[in-house]
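From a predicted model like this one, the values you see are computed outputs, not experimental measurements.
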Amino acid sequence: MARQTYDGPVRWIVVDDGTESVECHHGQEHIRLPSIESPRESFRANWRAGLGEVDPTGITLFIEDDDWYSPEYIDRMVELLAEATIAGESRARFYNVRRRMWLVHPNRSHASLCQTGIRGEEMHDRVLHILKHDRRIESLDGRLWKRASVPERAKLLRPASTMLVGIKGMPGRSGLGVGHASETQLASEGYAKDPSLDKLREWVGDDASNYAAFFSPEST
């Protein structure tokens, strides 16, 4: 976020229910919530709190703090949302840094939440409705793109991911999405090994070195 090339006005809202409070150093608006043990209910509470603070008539981007974003990400998403009320990239790129394994997801009909943006009050209210009522909240992205009665003319879905890599296997709480698993399970899901970080360097350039220390072989 700190190196984004977008120079327009931005409200950077951080919602935090960790056991230890995060320290913000870039002027973020920090919303501190009580820690919730259930990952699903933590997800629900965090997103509801954040969306409750944004201007529903504007653009909202769902930025997840453990993922890699291109410096041009906000610029490009603002351009896409000038033409649509929901925009994003399909075929998400996932990389598990603990196991050094990668996958390009075959999701051609929707974007992962971490690379989705919305515009306008109607879309804002749709997200809040799903967050309030849906039991399987980890499927928010698919529900929003495919099962929330959003007209096709309102969607702009790029056919491949170029601006984001979903990073898995980082320290801390396990995520709700795919890719947070053992090497055997990841292989069964189609993940390929990348022991020398070659694929990660292809995707994120020199930033790959920032993730090298998180490697942890299955035996450990």
Q: Check whether any side-chain heavy atom of P195 lies under 4.5 Å from a side-chain heavy atom of F215, and answer yes or no.
A: no
Q: Specify the closest pair of heavy atoms between I137 and R40, including all atoms of both residues, with the distance to one decimal.
A: CG2-CG, 3.4 Å
Q) Which residues pass the side chain to side chain donor-acceptor pair (under 3.5 Å) test with D55, sequence neighbours left out? A) T57
Q) With a 6.0 Å cut-off on ring centres, are W68 and W203 close enough? A) no
Show me the side-chain donor-acceptor pairs of residues 47-54 shorter than 3.5 Å, one per line, residues at least two apart or across chains.
none

Q. Out of curiosity, S42 OG to E37 CD, how far, rounded to the nearest 0.5 Å?
A. 11.0 Å
Q: Taking the side chain as every heavy atom from C-beta outward, state whether M1 and D65 have any pair of such atoms under 4.5 Å apart.
A: no
Q. Taking only residues two or more places apart in sequence, or in another chain, which ones meet R147 in a side chain to side chain donor-acceptor pair (under 3.5 Å)?
A. none
**Q.** D67 side-chain N/O to L164 backbone N/O, donor-acceptor pair under 3.5 Å
**A.** no
Q: Would you confirm whether T116, through its side chain, and S112, through its main-chain N or O, come within 3.5 Å as a donor-acceptor pair?
A: yes
Q. Under 3.5 Å, side chain of R91 to main-chain N/O of R108, donor-acceptor pair present?
A. no
Q: Report whether I118 and I13 are members of the same hydrophobic cluster (ILVMFWY, side-chain heavy atoms less than 4.5 Å apart, transitive linking).
A: yes
Q) Partners of R126 by side chain to side chain donor-acceptor pair (under 3.5 Å), sequence neighbours excluded? A) E122
Q: Begin with the C-alpha distance, continue with both residues' side-chain angles, and end with the deciding distance and a verdict on side-chain contact (heavy atoms from CB on, under 4.5 Å) for L81 and L61.
A: CA-CA 10 Å; L81 287 162; L61 303 182; 4.0 Å; yes
Q: Using modelled atom types only, decide if a donor and an acceptor are shared between the side chain of S90 and the backbone of A111 within a distance under 3.5 Å.
A: no
Ignoring hydrogens and angles, write down the donor-acceptor pairs under 3.5 Å from the side chains of residues 2-10, residues two or more places apart or on other chains.
| unit_1 | atom_1 | unit_2 | atom_2 | d |
| --- | --- | --- | --- | --- |
| R3 | NH1 | D207 | OD2 | 3.1 |
| R3 | NH2 | D207 | OD2 | 2.5 |
| Q4 | OE1 | Y73 | N | 3.3 |
| Q4 | OE1 | I74 | N | 2.9 |
| Q4 | NE2 | S70 | O | 2.9 |
| T5 | OG1 | P71 | O | 3.3 |
| T5 | OG1 | D75 | OD2 | 2.5 |

Q.
Would you say that F43 contacts I36 through its side chain, given a criterion of any heavy-atom pair below 4.5 Å between the two side chains?
A. no
Q) Can you tell me if K155 uses its side chain to pair, donor with acceptor, with the backbone of W145 under 3.5 Å? A) yes
Q. Any side-chain heavy atom of R98 within less than 4.5 Å of one from S216?
A. yes
**Q.** side-chain contact (heavy atoms from CB on, under 4.5 Å) assessment of I167 paired with F214
**A.** CA-CA 11 Å; I167 301 295; F214 299 112; over 6 Å; no
Q: Just jot down the side chain to side chain donor-acceptor pair (under 3.5 Å) partners of D194, sequence neighbours excluded, or say none.
A: Y95
Q) Can any side-chain N or O of E89 pair as donor or acceptor with the backbone N or O of M163 at less than 3.5 Å? A) yes
Q | Linked, directly or transitively: I86 and M77 (ILVMFWY side chains, under 4.5 Å) | A | no
(Q) Is there a salt bridge (charged side-chain N to carboxylate O under 4.0 Å, His left out) between E138 and R136? Walk through the geometry before answering. (A) CA-CA 5 Å; E138 63 271 24; R136 296 188 69 253; 3.8 Å; yes
Q: Show the numbers, then the answer: is there a side-chain contact (heavy atoms from CB on, under 4.5 Å) between D134 and S139?
A: CA-CA 9 Å; D134 203 308; S139 301; 6.0 Å; no
**Q.** Taking every non-hydrogen atom, the tightest pair across L156 and L80
**A.** CD1-O, 3.7 Å
Q: Taking all non-hydrogen atoms of both residues into account, name the closest pair between A208 and L197 and its distance.
A: O-CD1, 4.1 Å
Q.
On a heavy-atom basis, which atom in R158 and which in T162 lie closest, and how many Å separate them?
A. NH1-OG1, 3.1 Å
Q. Between A187 and M101, which heavy-atom pair has the shortest distance, and what is it?
A. N-CE, 3.9 Å
Q: List the steps, then state whether side-chain contact (heavy atoms from CB on, under 4.5 Å) holds for K193 with E183.
A: CA-CA 9 Å; K193 294 184 178 181; E183 183 175 324; 3.0 Å; yes
Q) Are the side chain of Y69 and the backbone N or O of E64 linked by a donor-acceptor pair below 3.5 Å? A) yes
(Q) Tell me the closest heavy-atom pair linking R93 and S161, and the distance in Å. (A) NE-O, 3.6 Å
